[in-house]
S.K.: 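Questions regarding the structure given below will be posed in turn.
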Protein chains: 2
Amino acid sequence: MPPALAVSTVILGIRTDPEHGGTRLWMPLVKRIRQPYRGQWALPGGPVGARESLGEAAGRTLAETTGLRPSYLEQLYTFGDPDRSPTQRLVTIAYFALLTEAQVGATVSDPNVAWYPAYGEHSPQLAFDHRKIVDYALWRLRNKTEYGQVAHRLLGDRFTLAQLREVYEAVLGRSLDPANFRRQLKNTSSIEATDEFLAGGKHRPPRLYRYIGHGPDPLEVDRTS
Amino acid sequence: MPPALAVSTVILGIRTDPEHGGTRLWMPLVKRIRQPYRGQWALPGGPVGARESLGEAAGRTLAETTGLRPSYLEQLYTFGDPDRSPTQRLVTIAYFALLTEAQVGATVSDPNVAWYPAYGEHSPQLAFDHRKIVDYALWRLRNKTEYGQVAHRLLGDRFTLAQLREVYEAVLGRSLDPANFRRQLKNTSSIEATDEFLAGGKHRPPRLYRYIGHGPDPLEVDRTS
DNA sequence: CAGCGTTAAAGTCATTTTGACATTAACTGC
DNA sequence: GCAGTTAATGTCAAAATGACTTTAACGCTG
């Protein structure tokens with residue numbers, strides 16, 4: 001029996017928790033409509049087509065099931081134990097993707113697709129070994145040396161320092177001192193102040209900053225073609 | 001045409017450079033005896049058996065070609081572009097392994113297996129996209145948060161602070177101040193002084209230290225079975 | 001066996017970075 | 001115009017870092 005190829009993708013975006021206020025990492029999940037694990041939430045994914053690359057398959061399957069078009073895609077890990085599937089050998093390549101808040105809005109309206117916190121007590125049970133995949137995605141995110149890159153992919157090209165700090169807090173899972181955070185980032189050369197301010201707020205308008213990229217992450221999937 | 005599964009492994013160990021003195025990262029390579037890239041050096045690897053896991057396949061193929069039994073194995077990246085092979089689709093899962101100096105000695109005596117520096121001008125050209133795989137292995141090694149773990153896998157369970165510093169220098173590619181290095185490591189709880197000393201040297205005998213593990217790296221392949 | 005060369009280990013000190021907190025600035029709503 | 005809130009800057013002690021010096025413990029040589 002020849003092996004079958006599939007991809008699964010952890011899609012992460014920031015959302016403000018409607019109950020508790022703080023910004024958190026959320027992910028869209030799809031409800032399984034057949035056995036095994038029927039009715040449980042699972043990561044978006046599907047089989048790899050014969051003429052597409054693994055990264056293309058990840059981008060295509062997540063777009064088909066969720067409607068999303070993430071700005072960042074990175075390969076995570078490959079699962080291929082011989083007994084993962086009772087019939088033939090199933091090799092699954094896991095990816096993880098990052099979304100800006102603007103991109104989050106494009107989620108399809110479908111009762112079988114819903115957003116959930118990526119970790120913590122409100123994060124649901126997942127089908128297969130998908131919880132392990134999500135935890136590994138979070139582990140890699142937290143262990144990245146260049147957080148500026150990550151924050152940029154979650155925020156878009158213009159952002160305030162408060163937004164940037166909330167992303168860091170959501171990823172690291174702990175709160176940071178706003179004043180010290182500001183000082184540290186001003187010392188790095190990874191962000192640059194613009195002459196624009198975020199209007200419409202109720203208080204002093206914060207300045208907008210821009211990310212100065214140092215080239216792509218060596219892990220990023222090239223999807224320019 | 002169904003996909004074929006294969007593994008390739010970057011095996012890294014420390015060796016003292018016979019010419020220039022310093023400790024460097026070296027890797028064993030195997031010479032290709034058939035087309036394509038016949039005569040060029042390549043990473044050890046081979047097809048995945050029907051009843052073995054991907055990690056088992058990596059451990060088996062590297063042992064068969066090099067005779068080595070590394071103390072550490074970690075999955076790196078999966079390559080699966082549809083046009084990698086002219087005949088059928090070839091999916092290669094790359095691994096990287098770490099060896100202690102004791103384990104390096106067990107290399108098979110075979111003219112088609114030889115050790116080379118893992119990076120720098122004396123590192124040879126490699127077949128296929130294997131240079132990219134090696135560079136990615138080095139990138140991940142350098143971006144690990146827990147260097148103590150890495151050093152432990154390259155040195156064994158007892159080591160002097162000078163040896164530990166040489167490992168850090170070989171991985172990071174720059175020299176470190178011995179006194180400051182000592183101070184930093186004494187503040188972490190990752191190593192512990194033993195009451196033993198390394199005898200036989202020409203100078204003051206250095207104290208031996210032991211690594212205090214914080215559990216395995218989440219990426220490590222479990223090969224206890 | 002005293003002195004020298006070499007490496008191990010500990011100590012010194014000025015500079016930089018960090019964490020905790022205070023102060024000033026700029027806006028909205030009443 | 002004043003209270004309330006967030007943005008942005010400033011202050012300062014503690015901790016960490018980098019460059020360097022000093023002392024200790026060997027083997028080797030004469």
Side-chain angles (χ1 to χ4, degrees), chain A residues 14 16-17 20-23 101 142 145-148 151 155-156 158-211, chain B residues 14 16-17 20-23 101 142 145-148 151 155-156 158-211:
Chain A
I14 48 170
T16 304
D17 193 322
H20 307 84
T23 300
E101 262 178 302
R142 292 183 178 125
T145 44
E146 260 285 358
Y147 275 176
L155 288 171
R158 299 290 158 102
F159 45 84
T160 71
L161 286 181
Q163 291 173 328
L164 189 58
R165 178 173 50 83
E166 278 166 9
V167 169
Y168 275 65
E169 289 177 341
V171 171
L172 292 172
R174 61 191 175 93
S175 57
L176 302 168
D177 183 276
N180 295 336
F181 179 79
R182 173 184 307 274
R183 179 179 57 190
Q184 282 196 323
L185 280 194
K186 290 226 164 177
N187 288 342
T188 74
S189 55
S190 63
I191 62 163
E192 185 184 62
T194 71
D195 51 0
E196 300 164 64
F197 293 82
L198 181 65
K202 298 179 178 175
H203 309 291
R204 174 173 175 177
R207 183 182 289 273
L208 291 172
Y209 289 79
R210 187 205 334 257
Y211 175 68
Chain B
I14 49 170
T16 305
D17 192 322
H20 306 84
T23 300
E101 264 179 300
R142 291 183 179 125
T145 44
E146 260 285 357
Y147 277 176
L155 287 171
R158 299 289 158 102
F159 45 84
T160 70
L161 287 180
Q163 290 173 328
L164 189 58
R165 178 173 51 82
E166 278 166 10
V167 169
Y168 275 65
E169 289 177 341
V171 171
L172 292 172
R174 63 190 173 91
S175 57
L176 302 168
D177 183 275
N180 294 336
F181 179 80
R182 171 184 308 272
R183 180 179 56 192
Q184 282 197 325
L185 280 195
K186 290 226 163 177
N187 287 342
T188 75
S189 55
S190 62
I191 62 164
E192 185 184 64
T194 72
D195 51 1
E196 300 164 64
F197 293 82
L198 180 64
K202 298 179 178 176
H203 309 290
R204 175 174 175 175
R207 184 183 289 272
L208 289 173
Y209 289 79
R210 184 203 339 252
Y211 175 69

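The structure presented is a predicted model; accordingly, all values stated were derived computationally and were not measured. Quick note on labels: first sequence line is chain A, next is B, and so on, each numbered from 1.
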S.K.: So which atom in B/Leu161 and which in B/Phe181 form the shortest heavy-atom distance, rounded to 0.1 Å?
M.R.: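 Nearest pair, atom of B/Leu161 first, then B/Phe181: O-CE2, 3.7 Å.
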S.K.: Whole angstrom is fine here: how far is it from CZ in B/Arg174 over to P in D/dA19?
M.R.: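 Nearest whole value for this atom pair: 10 Å.
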S.K.: What is the distance, rounded to the nearest whole Å, between atom CD of B/Glu196 and atom C1' of C/dA8?
M.R.: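 Distance, rounded to whole Å: 17 Å.
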S.K.: Looking at A/Ala151 and A/Tyr168, what are the two nearest heavy atoms and their distance?
M.R.: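 Looking at all heavy atoms of both residues, the closest pair is CB-CE1, 4.1 Å.
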S.K.: Starting at atom CG of B/Leu185, determine the distance to atom P of D/dA16, rounded to an integer number of angstrom.
M.R.: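 The distance from CG of B/Leu185 to P of D/dA16 comes to 14 Å, rounded to the nearest Å.
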S.K.: B/Asn187 has an atom CG; how far is it from atom C1' of D/dT17, in whole Å?
M.R.: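 One finds 11 Å between C1' of D/dT17 and CG of B/Asn187, rounded.
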S.K.: Measure from the side-chain heavy atoms of B/Pro206 and tell me the nearest of D/dA8, C/dA10, C/dA8.
M.R.: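 Nearest nucleotide to the side chain: C/dA8.
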S.K.: Starting from C1' on C/dA9, measure out to CZ on B/Phe197 and report it in whole angstrom.
M.R.: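 It works out to 10 Å between those atoms.
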S.K.: Check this one for me: any side-chain N or O of A/Lys186 less than 4.0 Å away from OP1 or OP2 of D/dA8?
M.R.: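 So the side-chain polar atoms of A/Lys186 never come under 4.0 Å of the phosphate oxygens OP1 or OP2 of D/dA8.
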S.K.: Side-chain donor-acceptor contacts of residues 172-179 of chain B below 3.5 Å, not counting sequence neighbours, with atom names and distances?
M.R.:
unit_1: B/Asp177; atom_1: OD1; unit_2: B/Ala179; atom_2: N; d: 3.0
unit_1: B/Asp177; atom_1: OD1; unit_2: B/Asn180; atom_2: N; d: 2.9

S.K.: Measure the distance from CG on B/Leu176 to C1' on C/dA8 and round it to the nearest whole Å.
M.R.: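 Between C1' of C/dA8 and CG of B/Leu176: 17 Å.
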S.K.: I'd like to check the side chain to side chain contact (heavy atoms under 4.5 Å, CB included) partners of B/Arg142; sequence neighbours left out, ordered by chain and number.
M.R.: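 Applying side chain to side chain contact (heavy atoms under 4.5 Å, CB included) to B/Arg142 gives B/Tyr119, B/Leu138, B/Tyr147, B/Val171.
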S.K.: Please give, in whole Å, the distance from D/dA8 P to A/Gln163 CD?
M.R.: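 One finds 11 Å between P of D/dA8 and CD of A/Gln163, rounded.
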S.K.: B/Leu161 has an atom CG; how far is it from atom C1' of C/dA10, in whole Å?
M.R.: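 My rounded result for the distance is 12 Å.
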S.K.: I need a per-nucleotide contact map over nucleotides 20-30 of chain C, read 5' to 3'. Cutoff is protein heavy atoms under 4.0 Å; write B for the base, S for backbone only, - otherwise.
M.R.: BB---BBBS--
S.K.: Within the structure, does a side-chain N or O atom of B/Gln184 lie under 4.0 Å from either OP1 or OP2 of D/dT17?
M.R.: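 Yes, such a contact exists.
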S.K.: Going by the rule side-chain hydrogen bond (donor to acceptor under 3.5 Å, both in side chains), which residues pair with A/Arg158 if we only count those two or more places apart in sequence or in a different chain?
M.R.: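 Once residues adjacent in sequence are excluded, the partners of A/Arg158 under the side-chain hydrogen bond (donor to acceptor under 3.5 Å, both in side chains) criterion are A/Glu196.
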S.K.: For A/Lys186, check side-chain hydrogen bond (donor to acceptor under 3.5 Å, both in side chains) against everything at least two apart and list the hits.
M.R.: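 A/Lys186 satisfies side-chain hydrogen bond (donor to acceptor under 3.5 Å, both in side chains) with A/Tyr209 only.
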S.K.: What residues, two or more places apart in sequence or in another chain, satisfy side-chain hydrogen bond (donor to acceptor under 3.5 Å, both in side chains) together with A/Gln184?
M.R.: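 So A/Gln184 forms no side-chain hydrogen bond (donor to acceptor under 3.5 Å, both in side chains) with any residue.
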